[in-house]
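Heads up: the structure comes next, in structure tokens.
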Protein chains: 2
Amino acid sequence: MVTLKDVAKKAGVAVSTASYALNNNPKISETTRNMVLTAANELDYRPNGTARNLKKQKTETIGLFLNDLAGPYYSEIIRGVQKVVSDNEYDLVVCSASGGTDSTAYKFLQERRVDGAVILAPKITDKEIYQVARTQLPVVVLDRKLESDYIKYVLIDNVNGSYQAVTHLINRGYKNIGFLSGPEESYDNKERYEGFSRALNDNNFLFDENLLFKGDFTEEEGYKVISKFLKNDISIDALFAANDEMAIGAIQAIKENNYQIPNDIAVVGFDDIRLSSYINPPLTTVRHPKYEMGTFATHMIFQILQGAATESIVLPTQLINRESS
Amino acid sequence: MVTLKDVAKKAGVAVSTASYALNNNPKISETTRNMVLTAANELDYRPNGTARNLKKQKTETIGLFLNDLAGPYYSEIIRGVQKVVSDNEYDLVVCSASGGTDSTAYKFLQERRVDGAVILAPKITDKEIYQVARTQLPVVVLDRKLESDYIKYVLIDNVNGSYQAVTHLINRGYKNIGFLSGPEESYDNKERYEGFSRALNDNNFLFDENLLFKGDFTEEEGYKVISKFLKNDISIDALFAANDEMAIGAIQAIKENNYQIPNDIAVVGFDDIRLSSYINPPLTTVRHPKYEMGTFATHMIFQILQGAATESIVLPTQLINRESS
DNA sequence: TTGAAAGCGCTAACAG
DNA sequence: CTGTTAGCGCTTTCAA
């Protein structure tokens, strides 16, 4: 491995001079700089990032931590984060939090391999986040309501979003509205259920516990749960799913049982993922500003990094009316 | 920041002892180890990954470099890479290559912030890859045919895949088959065009240059190009798109012009992305083993890392018959 | 079984 | 403008 020392030797200067020259420090003369540059070129010198990071005590990279790297849901958020990170001339690495305590996410957070973290990974515990933040690492969470000096959140108005969705169903005359739930621990799921309940309450509907379907945010589970239900029973005329993936699974199940959407059963989802507008029938759903979640969150990281004040925020949602309801 | 030195001082031992203790080195006595562990706990000590990496001259992380982090196309590949990386108890970071020479990708590669690289990012030049490989960093490319001691490739049989797709169209009686092309520089696109041409040739069709439509692998462009074409002309009865995204855009355009798919115009794509089976009509396309691309590529990285022999490979494709043809 | 010390590759005072 | 040098936090050889 060719190091700065080698370059310096070849150029006949001190390492410090070589370092300055390569970093375009103005105190190095044009001639010296050229000598160094030439030497570096000839040796095909590559600075060692690890060494630089250690010395400078920063990495100039922001980490984005996701439960599952492959989730299509994240696309827009990633795009938003990416944008702001590059605007600040930092680097972005995306890491997975799958694998629990010895996941890449934990390592990168604990070992300070990033200067800031955007977290959308329920697998990372609140405790861990608090601990990391105590080492003065700026963190913005997108999947829970957590706050401290170094922790801010960017959330969407889940409650209001589902409140609107359910109110919409009620206004259209649907009477027996089921709730297709995500994992019970999920913050988003809880909030969406909350909005659902409130809408029912405010309209003097009472909720039949039998119409609470337990899913896990996946299409498969949505399909399975609703298929099973429709085998015996068809006491619902509408279904509100806590996310689009499950809604899509449910639609599949409903169609296979030869019910019409939305005539027999209406379906509304949450998230407005790309697929939702392509399926048949196109899915009514609650849209939220994913890209902006990414940009806001990352902005906040840099604010904290610069010691400026920042406020956590909750972003609005919007009901997108399509043909499934 | 609390360092190993602090822990050692608190525990009343030397740094080396503290280091051994924390790394479970058996030559440290139970009692000493406990003292160190307690001290570390009380101080909430976090080892510094950067320092360790520098010392050990390795990072135990593999980098996956993509043109665009947000592309839904990559999901399965990422999953495959992830799997093998964790099986080897390494970490995975995904980086973007957008932004050219000063992208995160370039930095991470050049500065050895990863121990190996899986590349699916046409924006990274061949030259760069060769240079990086000369520093003995194992690289596996998924988007071009490059090879050397430290470079291997995992590709799919693009030529054969599109040959089959086009032959299928011909067998079904379609006569005027258009080609909706991706960017001309794209390796995949070139190969897919090659397969297209061969299939025409082998069936004694001659290709009308007017039926070559230039897209860029995006849905929007596929939509635009085909919309424009259909305004004046309808001299095609089938369209082979170099990827599914463009095929989906084309389908949109065809439907908007009130042509029937596949009766008036058949459409075949390439990739078998998730959306393809959901759209209307479901898209006939060429499937390739994305997950396996990821696992094979990553396996190869570890092979090289261990000094074992590896061979580049080309994976087979499969025609998926749906209702668009 | 433990400790002292060298050094990974780099940056940045400081001195000249 | 350039060189000397300390040291970032850690691992590991060598000596005790």
Side-chain angles (χ1 to χ4, degrees), chain A residues 1-37 39-40 43-61 107-115 135-137, chain B residues 1-37 39-40 43-61 107-115 135-137:
Chain A
M1 157 163 272
V2 21
T3 73
L4 193 57
K5 210 167 146 190
D6 302 321
V7 176
K9 194 191 287 173
K10 174 135 193 168
V13 299
V15 271
S16 56
T17 308
S19 170
Y20 288 134
L22 290 169
N23 290 301
N24 292 316
N25 188 311
K27 60 177 157 187
I28 300 298
S29 72
E30 204 47 40
T31 33
T32 318
R33 186 196 320 287
N34 283 333
M35 284 166 55
V36 174
L37 258 38
L43 294 173
D44 193 21
Y45 166 73
R46 308 283 174 139
N48 182 311
T50 312
R52 161 184 281 145
N53 289 163
L54 177 59
K55 179 65 195 182
K56 301 191 88 167
Q57 295 287 66
K58 60 177 177 173
T59 61
E60 300 202 329
T61 95
K107 255 193 238 169
F108 270 63
L109 284 171
Q110 295 183 340
E111 301 181 352
R112 285 200 92 79
R113 278 148 85 141
V114 294
D115 291 346
T135 68
Q136 316 206 331
L137 186 91
Chain B
M1 159 165 271
V2 23
T3 73
L4 192 55
K5 208 168 147 190
D6 301 321
V7 176
K9 193 191 288 175
K10 174 135 195 169
V13 298
V15 269
S16 54
T17 308
S19 171
Y20 288 133
L22 290 170
N23 289 301
N24 291 317
N25 188 311
K27 60 177 156 187
I28 300 298
S29 72
E30 204 47 39
T31 32
T32 319
R33 185 193 321 287
N34 283 334
M35 283 166 54
V36 174
L37 258 38
L43 294 173
D44 193 22
Y45 166 72
R46 308 283 174 140
N48 181 312
T50 310
R52 161 184 281 147
N53 290 163
L54 177 59
K55 182 65 197 181
K56 301 191 92 168
Q57 295 287 66
K58 59 178 177 173
T59 62
E60 300 203 328
T61 96
K107 256 193 237 169
F108 270 63
L109 284 170
Q110 296 183 339
E111 300 181 353
R112 284 201 91 79
R113 276 149 86 140
V114 293
D115 291 347
T135 69
Q136 316 206 332
L137 185 92

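Values below: every heavy atom of this structure, side chains too, minus hydrogens, waters and symmetry copies. Chain identifiers are assigned alphabetically (A, B, ...) following the order of the sequence lines, protein sequences preceding nucleic acid strands; residue numbering begins at 1 within each chain.
The separation between Lys58(A) atom NZ and dG9(D) atom P is 16 Å, rounded to whole Å. A straight line from CZ of Arg113(B) to P of dC10(C) spans 13 Å, rounded to a whole angstrom. Note: CG (Asn48(B)) to C1' (dC8(D)) measures 8 Å, nearest angstrom. Taking atom CG on Asn25(A) and atom C1' on dA12(C), their separation rounds to 10 Å, with Å as the unit. Taking atom CZ on Arg46(B) and atom P on dC10(D), their separation rounds to 13 Å, with Å as the unit. Following rounding to the nearest Å, Leu22(B) (CG) and dG9(D) (P) show an atom-to-atom distance of 16 Å. Separating the NZ atom of Lys5(B) from the P atom of dT11(D) is a distance of 15 Å, rounded to the nearest angstrom. Taking atom CZ on Arg112(A) and atom P on dG9(D), their separation rounds to 11 Å, with Å as the unit.
The 5' end of DNA chain C is approached more closely, in terms of each residue's nearest nucleotide, by Val13(B) than by the other of Val13(B) and Ala51(B). Map Leu54(A) and Glu30(A) each onto its nearest nucleotide of DNA chain D; the residue landing nearer the 5' end is Glu30(A).
For Lys107(A), the NZ atom sits in a packed shell: over 12 heavy atoms of surrounding residues, nucleotides or ligands are nearer than 6.0 Å.
Candidate nucleotides dG9(D), dC10(C), dG9(C) were compared by shortest atom distance to the side chain of Thr3(B), and dG9(D) ranks first. For Asn23(B), the listed nucleotide lying nearest its side chain is dT11(D); candidates were dT11(D), dC10(C), dT2(D). Distance from the side chain of Leu4(A) is smallest to dT11(C) among dT11(D), dC1(D), dT11(C).
Among the atoms of the strands shown, only primed sugar atoms or phosphate atoms (P, OP1, OP2) are found under 4.0 Å from some heavy atom of Thr32(B). Here Ile28(B) lies in heavy-atom contact (under 4.0 Å) with sugar-phosphate atoms only.
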Considering only nitrogen or oxygen atoms on both sides, find all protein atoms under 3.5 Å from nucleotides 12-16 of chain D and state each distance.
unit_1: dT13(D); atom_1: O4; unit_2: Tyr20(B); atom_2: OH; d: 3.0

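Looking at Asn23(A), its side chain never comes within 3.5 Å of a backbone N or O of Asn25(A) through a donor-acceptor pair.
Nearest heavy-atom pair across Tyr45(B) and Val2(B) is CD1-O, 3.4 Å. Closest approach of Val7(A) and Ala39(A) over heavy atoms only: O-CB, 3.9 Å.
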Verdict with supporting geometry, Asn53(B) and Thr59(B), side chain to side chain donor-acceptor pair (under 3.5 Å):
CA-CA 5 Å; Asn53(B) 290 163; Thr59(B) 62; 5.6 Å; no
Go through the steps for Thr135(B) and Arg112(B) under the test side chain to side chain donor-acceptor pair (under 3.5 Å), then give the verdict.
CA-CA 9 Å; Thr135(B) 69; Arg112(B) 284 201 91 79; 3.1 Å; yes
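Between Gln57(A) and dT11(C) there is no side-chain polar atom (N or O) within less than 4.0 angstrom of OP1 or OP2.
For the atom pair Arg52(B) CZ and Lys58(B) NZ, the distance stands at 11.0 Å (nearest 0.5 Å).
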